[in-house]
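Numbers restart at 1 for each chain; the letters A, B, ... are given by sequence-line order, proteins then strands.
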Amino acid sequence: MNAAVLIGVMALATALLRFLPFLVFKKQTPPYIAYLGRVLPSATIGMLVIYCLKDVNVLSASHGLPELIAGGCVVGLQAWKRNSLLSILAGTAIYMLLIQAVFSL
Amino acid sequence: MKKAFIKSVPVMAGYVVLGIGFGILLRNAGYGLPYALAMAALIYAGSMQYVGVGLITGGASVLTALLTTVMVNARHLFYSISMIDRYKDAGKYKPYMIFALTDETYSLLCDGETPAGENPHRYRFFVSLFNQCYWVAGCVLGSLLGAVLPFSAAGIEFSMTALFIASFTEQWLRTRDRLPALTGLLGTLLCLLLFGPERFLIPAMLLITGVLTIFRGREAEKQ
């Protein structure tokens, strides 16, 4: 599909999600929606972690080792320093180093 | 406006850096400045833009793009829900404030405090606007940098993975109820194994929503 069309769809859908509650729930939020609001955000993050790793093939080439090592560093750094920006920057740098200098040999 | 700027400063570093990562990623995928600018200005949702690069390069269908956006950005429904009262009388500022209600803007404004002597709506409007300026600047900078980077950017796409792993870890450490996070992680993994990397996302969304709906019943029984 055309990139411009997809950008339009993503923009409209995002805006719709942001505006919808202001249009619909002027008084009270239904309990089921409120429940989904509590649980869906963290479930979605879990889903996105898998989405990002969907093309890793453990049977070939690097066996997913760069992803495992760099991902482990992100988890460790985040648990240690609780600074997302630091974890993301360090993890990405480690991954780039691994695939460009270590696993490319 | 000065106070709004001071309030927004903590978001500046994060948005500029993540925006640069996004701009480089999009440039490497073959889409230059106009696309980076359009996405930063019109979508203005960090994680969705990262996921969007994959959708665009993968030639996703409109339906997949729509459902993925709904799933990735569903949390915005709940940011908006919690701001209904607060934004009620914002008048001319209101439409933009709703459009620009990102994770970071929400995190700055959710305490509901505004400086004494300032129009609270004007103040929130400018916090929202400054944040988007940082984001757009980062995305544009990344797009330009991506074209002239002195070293290979191979592997830069891991910044998206790292972003989600860091959020996952942070949530894991912060909450006691880990069932939703585990459902998202394992349910998606199961669907990936069952349906393959091209078409697992929609089944995963259905499975996650279904499982969490079932567990809601159990939660109610316990009470």
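Sorted by first and then second residue, the side-chain hydrogen bond (donor to acceptor under 3.5 Å, both in side chains) pairs involving residues 49-59 of chain B (not counting sequence neighbours) are Gln49(B)-Trp135(B).
Judged by distance alone, with hydrogens and angles left aside, the side-chain atoms of Ser128(B) form a donor-acceptor pair with the main-chain N or O of Arg124(B) at under 3.5 Å. In terms of modelled atom types and a separation under 3.5 Å, the side chain of Arg18(A) and the main chain of Ala100(B) share no donor-acceptor contact. Within the 3.5 Å criterion, the main-chain N or O of Leu109(B) finds a donor-acceptor partner in the side chain of Arg86(B).
For Leu85(A), the part lying near chain B is the side chain, with the backbone staying farther off; criterion is any non-hydrogen pair under 4.5 Å. Both the backbone and the side chain of Leu42(B) come within contact range of chain A, judged by heavy atoms closer than 4.5 Å. Looking at Thr183(B), neither its backbone nor its side chain comes within 4.5 Å of chain A, counting heavy atoms on both sides. There is no contact between Leu179(B) and chain A, counting heavy-atom distances below 4.5 Å. Only the side chain of Thr44(A) comes within contact range of chain B, with heavy atoms under 4.5 Å apart. Residue contact with chain A, scored on non-hydrogen atoms closer than 4.5 Å, involves the backbone and the side chain of Leu66(B) alike. Using a 4.5 Å cut-off between heavy atoms, Lys94(B) touches chain A through its side chain atoms alone. Heavy atoms of Ile7(A) lying under 4.5 Å from chain B belong to its backbone as well as its side chain. With a 4.5 Å cut-off on non-hydrogen atoms, Val211(B) does not touch chain A at all. With a threshold of 4.5 angstrom between heavy atoms, Ile99(A) approaches chain B through side-chain atoms but not through N, CA, C or O. Neither the backbone nor the side chain of Leu16(A) has a heavy atom closer than 4.5 Å to any heavy atom of chain B. Proximity to chain A (any heavy atom under 4.5 Å) is shown, for Glu170(B), by both the backbone and the side chain.
Between chain B and the options Pro66(A), Ala4(A), Pro31(A), heavy-atom pairs under 4.5 Å are most frequent for Pro31(A). When Phe200(B), Trp172(B), Tyr79(B) are compared by the number of non-hydrogen pairs under 4.5 Å with chain A, Phe200(B) comes out ahead. The candidate with the highest count of non-hydrogen atom pairs below 4.5 Å against chain B, out of Ser87(A), Gly8(A), Ala79(A), Ala70(A), is Ala70(A). The choice from Leu182(B), Leu186(B), Val72(B) that makes the most heavy-atom pairs within less than 4.5 Å of chain A is Val72(B). For chain B, the option among Leu20(A), Leu98(A), Leu53(A), Ile45(A) with the highest count of heavy-atom pairs below 4.5 Å is Ile45(A). Annotation: maximal heavy-atom pairing with chain A below 4.5 Å, among Ala38(B), Pro197(B), Ser152(B), occurs at Ser152(B). Most heavy-atom pairs under 4.5 Å with chain A, from the set Thr64(B), Val51(B), Ile156(B): that is Ile156(B). Among Leu89(A), Asn83(A), Leu48(A), the residue making the largest number of heavy-atom pairs under 4.5 Å with chain B is Leu48(A).
Nearest heavy-atom pair, Ile98(B) versus Tyr87(B), reported as atom, atom and distance to 0.1 Å: CG1-CD2, 4.2 Å.
In this structure, the separation between CG on Leu163(B) and CZ on Phe168(B) is 14.0 Å, given to the nearest 0.5 Å. Rounded to the nearest 0.5 angstrom, Asn131(B) CG and Thr105(B) OG1 are separated by 4.0 Å.
Side-chain contact of Tyr95(A) with Ser159(B): a donor-acceptor pair under 3.5 Å is absent, judged by distance alone. Checking Tyr51(A) against Thr68(B) by side-chain atom types alone, no donor-acceptor pair falls below 3.5 Å.
Test Thr188(B), Leu192(B), Leu207(B) against Met47(A) for side-chain contact (heavy atoms from CB on, under 4.5 Å) and you get one pass: Thr188(B). Applying the side-chain contact (heavy atoms from CB on, under 4.5 Å) test between Ile20(B) and each of Val16(B), Leu18(B), Val17(B) identifies Val16(B) as the sole match.
A search for ring-ring contact (aromatic ring centres under 6.0 Å, His included) contacts involving Tyr93(B) returns Phe125(B), not counting sequence neighbours.
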